[in-house]
Amino acid sequence: MSIHINAKENDIAETVLLPGDPLRAKYIAETFLDDVTCYNEVRNMFGYTGTYKGKRVSVQGTGMGVPSISIYINELMQSYNVQNLIRVGTCGAIQKDVKVRDVILAMTASTDSQMNRLTFNGIDYAPTANFELLKKAYDSGIEKGLNLKVGNVFTADMFYNDNADHKKWADYGILAIEMETAALYTLAAKFNRNALSVLTVSDHILTGEETTSEERQTTFNDMIEVALSASVQ
Ligand SMILES: O=P(O)(O)O[C@H]1O[C@H](CO)[C@@H](O)[C@H]1O
Ligand SMILES: O=c1cc[nH]c(=O)[nH]1
């Protein structure tokens with residue numbers, strides 16, 4: 001048991017999907033996994049373990065933002081020895097050719113979070129996806145016929161930020177904004193684990209197009225299938 005996860009050591013699989021929304025965790029477990037048990041209800045941050053194509057997989061809600069996901073991934077790696085961590089999140093697009101409901105594989109994550117500068121005494125660390133997971137996810141997405149986007153995302157500390165310079169970030173090739181990937185990749189590197197973020201575009205920051213809150217909670221099935229395929233290969 002850890003402070004925020006009320007599970008026994010072997011209750012959690014070595015591969016864990018990480019949605020920000022705990023109700024998305026419930027949806028994934030109920031829709032995609034067999035033989036499911038719920039191992040965590042602390043703070044309603046639901047965690048489930050089941051099987052996908054015969055392989056044990058867990059899914060754990062992380063909450064929103066770097067501080068919250070950092071708590072869960074630290075505990076998953078240190079108390080439960082989790083090896084593969086795949087975020088399944090939503091993001092807001094800032095490029096014209098990235099559309100709502102597109103799936104993005106985050107190769108790296110720029111950030112305005114202070115977490116890495118505090119960790120590395122002011123030096124800029126480049127948080128990077130695990131290549132094996134990225135390749136497996138890419139191959140499975142292509143096999144499914146998806147028009148995947150692969151590249152740099154921006155992990156923002158503030159969802160509402162009047163000073164955010166989306167144009168500049170877009171000019172430098174950032175595809176979309178979300179709030180957790182830089183922390184996931186940095187902590188996975190620290191503990192020598194494998195991490196990837198698979199993101200669905202839930203809204204377009206340039207056009208204002210959005211998905212419903214129900215869609216954000218559920219129905220991003222392409223992203224979930226890509227993440228699960230990568231996790232069992
Ligand atoms: O849908 P999730 O996984 O929570 O991801 C995105 O949605 C939240 C903001 O609405 C942030 O956590 C952001 O990263
Ligand atoms: O963090 C996020 C997630 C979705 N859309 C945004 O604009 N930001």
Side-chain angles (χ1 to χ4, degrees), residues 4 16-29 31-32 43-48 58-73 76 85-96 98-106 108-113 115 127 129 137 149 151-170 174-187 195-228:
H4 302 91
V16 180
L17 265 55
L18 301 166
D21 182 351
L23 292 179
R24 195 180 314 137
K26 185 170 189 279
Y27 170 78
I28 293 169
T31 311
F32 292 93
R43 292 176 179 250
N44 281 340
M45 202 59 82
F46 303 124
Y48 302 87
S58 296
V59 51
Q60 171 67 55
T62 66
M64 292 183 276
V66 162
S68 187
I69 194 171
S70 297
I71 288 172
Y72 291 97
I73 55 188
L76 289 170
L85 301 100
I86 308 179
R87 169 162 153 71
V88 281
T90 62
C91 62
I94 58 169
Q95 298 282 349
K96 287 198 186 86
V98 179
K99 311 285 183 215
V100 170
R101 296 182 190 78
D102 276 358
V103 176
I104 294 176
L105 305 180
T108 183
S110 306
T111 188
D112 59 9
S113 163
M115 186 189 90
K149 303 284 189 296
N152 197 349
V153 301
F154 192 93
T155 298
D157 257 357
M158 295 164 74
F159 185 87
Y160 298 106
N161 181 359
D162 292 340
N163 294 322
D165 192 346
H166 294 134
K167 182 178 178 323
K168 179 169 267 181
W169 299 343
I174 304 267
L175 301 174
I177 317 294
E178 55 86 71
M179 300 179 69
E180 293 85 12
T181 297
L184 171 63
Y185 289 0
T186 302
L187 288 169
L196 176 67
S197 275
V198 186
L199 304 168
T200 302
V201 177
S202 58
D203 50 278
H204 207 295
I205 292 171
L206 302 181
T207 64
E209 191 188 352
E210 339 182 277
T211 50
T212 63
S213 59
E214 193 191 355
E215 266 190 294
R216 286 195 291 281
Q217 191 178 306
T218 61
T219 66
F220 288 132
N221 293 350
D222 286 340
M223 160 178 75
I224 296 160
E225 284 171 4
V226 163
L228 284 169

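All values reported here derive from a predicted model rather than from experimental measurement. Both counts, for ligands and for their atoms, begin at 1 and track the order of listing.
Near Met179, meaning under 4.0 Å from one of its heavy atoms, ligand 2 places the atoms 1 (O). Atoms of ligand 2 found under 4.0 Å from any heavy atom of Phe159, numbered from 1 in the order shown, are 1 (O), 2 (C), 6 (C), 8 (N). Close contacts between ligand 2 and Ser202 involve ligand atoms 4 (C) [criterion: under 4.0 Å to a heavy atom]. Counting the atoms of ligand 2 from 1 in the order shown, those under 4.0 Å from a heavy atom of Ile205 are 7 (O). Interface of Glu178 with ligand 1, defined as ligand atoms under 4.0 Å from a residue heavy atom, comprises 14 (O).
For the side-chain contact (heavy atoms from CB on, under 4.5 Å) test with Met223, the passing option among Val198, Ile104, Val201 is Val198; the others fail.
The heavy-atom pair separating Ala182 from Thr155 by the smallest distance is N-OG1, 3.0 Å.
The shortest contact between atom 2 (C) of ligand 2 and any protein heavy atom is with Ile177 O, 3.5 Å. For atom 7 (O) of ligand 1, the nearest protein heavy atom (residue, atom name, distance) is Thr90 OG1, 3.3 Å. The closest protein non-hydrogen atom to atom 11 (C) of ligand 1 is Glu180 OE2, 3.5 Å. The protein atom (non-hydrogen) at minimum distance from atom 4 (O) of ligand 1 is Gly20 CA, 3.4 Å. Scanning the protein for heavy atoms near atom 5 (N) of ligand 2, the closest one is Asp203 OD1, 3.0 Å.
For the pair Thr211 (side chain) and Ser202 (backbone), a donor-acceptor distance under 3.5 Å is present. His204 places a side-chain N or O within 3.5 Å of a backbone atom of Gln95 that can act as its donor or acceptor partner.
Residue Gly63 has no nitrogen or oxygen atom sitting less than 3.5 Å from a nitrogen or oxygen atom of ligand 1, judged on distance alone. Considering backbone and side-chain atoms together, Phe159 places no N or O closer than 3.5 Å to any N or O of ligand 1.
The heavy atom nearest to atom 3 (O) of ligand 1, considering only Arg87, Met179, Met64, is found in Arg87.
If you take OG1 on Thr90 and CD on Glu210, they are separated by 11.5 Å, rounding to the nearest 0.5 Å. Atoms CZ and CG, on Phe220 and Leu199 in that order, are 11.0 Å from each other to the nearest 0.5 Å.
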Begin from the C-alpha positions of Asn221 and Phe32 and carry the test side-chain contact (heavy atoms from CB on, under 4.5 Å) through to its verdict. CA-CA 9 Å; Asn221 293 350; Phe32 292 93; 3.7 Å; yes
Step by step, would you call Thr200 with Asp222 a side-chain hydrogen bond (donor to acceptor under 3.5 Å, both in side chains)? CA-CA 8 Å; Thr200 302; Asp222 286 340; over 6 Å; no
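Note: Trp169 and Phe154 have parallel aromatic rings, judged against thresholds of 30 and 60 degrees for the angle between ring planes.
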